[in-house]
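Here the structure is a predicted model, which is why all the values come from computation and not from measurement. In listed order, ligands and their atoms are each counted from 1.
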Amino acid sequence: MGKMLVETHHLVKDYLKPTRLRVLHGIDLQIERGSFASLIGASGSGKSTLLHVLGALDRPTEGDVIFDNVNLEDLSDDELSDFRNLKVGFIFQFHYLLPEFSVLENVLIPDLIHTDRESPEVRKRATELLDYVGVGTILDKSAGNISGGEQQRTAIARALINQPQLILADEPTGNLDSVNSDKVLELLHKINRELGTTILLVTHDRSLADKTDRIIELKDGKVIGDHLLK
Ligand SMILES: Nc1ncnc2c1ncn2[C@@H]1O[C@H](COP(=O)(O)OP(=O)(O)OP(=O)(O)O)[C@@H](O)[C@H]1O
Ligand SMILES: [Mg+2]
């Protein structure tokens, strides 16, 4: 097992519509196993695009993503969807929970996608995870009827259900007040420390970035700063 969980080699991403636009200009990055890095940069600098390519939500135009010693380019579409489901947990600014389903059901969905049928062990793990993230008492409420902070905690539990190696969090606190924002960040730190999950966090908030192990700064699709803090 190498020290690096993710490596990119000269990653280039072009969007083709409405006109060809180069958004990532040859990114070489290494993300160490167990680390907690933040990704900062102005709006439009390519942060979300980079996260999408790292998590195989999108394919690069040129270059490679090596994840856990596997080149994502070598995976078929089916293998890529398993990869996304099993190896990576995504947390977005807007949580994308299904409002009609309960908190518990929302956390079970990624497992159901993977296995087709619900297992008692997974249900138990989902319940434990919801306890872990601090919403264990509202399992049966529908996700549309809980607070923004509770929704984001539920989304974090959902991201963890398949025990991913990497969490990609795209401004997970962008929609929360400062109290809930701090709590969500504390929770991510706890997950990193206790579960050993590698985390890459996009944030506009410099004070949140300062609490991570490393700050990677993007400008116009290039890495212009990379600082280890710990
Ligand atoms: N699907 C798409 N099709 C075409 N252009 C896109 C697409 N997604 C993003 N872009 C463009 O790519 C550039 C980088 O976008 P990206 O979303 O990666 O920036 P960002 O750093 O995440 O910005 P923000 O901080 O506002 O979220 C922007 O110019 C954006 O308009
Ligand atoms: Mg973005």
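Contacts of P18 with ligand 1, taken as heavy-atom pairs under 4.0 Å, are absent altogether. When non-hydrogen atoms are compared, ligand 1 lies under 4.0 Å from the side chain of H204 (C-beta onward) but not from its backbone. Residue contacts with ligand 1 for V23 involve side-chain atoms from C-beta outward but no N, CA, C or O (heavy atoms, distance under 4.0 Å).
Put simply, atom 2 (C) of ligand 1 has protein non-hydrogen atoms near it, under 4.0 Å away.
A donor atom on one side chain and an acceptor atom on the other are found under 3.5 Å apart for T49 and Y15. Between the side chains of Q165 and D68, at least one donor N or O sits under 3.5 Å from an acceptor N or O. Between the side chains of N192 and T197, not a single donor N or O lies within less than 3.5 Å of an accepting N or O.
Here the heavy atom of the protein found nearest to atom 23 (O) of ligand 1 is G44 N, 2.8 Å.
Within the protein, the N, O or S atoms lying under 2.8 Å from the Mg ion (ligand 2) are S48 OG.
Among I216, T203, L39, the one residue that satisfies the side chain to side chain contact (heavy atoms under 4.5 Å, CB included) test with K47 is L39.
Partners of E62 under the salt bridge (charged side-chain N to carboxylate O under 4.0 Å, His left out) rule, at least two apart in sequence or in another chain, are R22.
Of all the listed residues (D170, L16, T49), T49 holds the heavy atom that lies closest to atom 18 (O) of ligand 1.
Polar contact with ligand 1: absent for L21 (N/O pair, distance under 3.5 Å).
Distances from ligand 1 to the non-hydrogen atoms of E171 include at least one value under 4.0 Å. Under the 4.0 angstrom criterion for non-hydrogen atoms, G41 is not in contact with ligand 1.
Proximity of L160 to I167: side-chain heavy atoms (C-beta onward) are separated by under 4.5 Å at one or more points.
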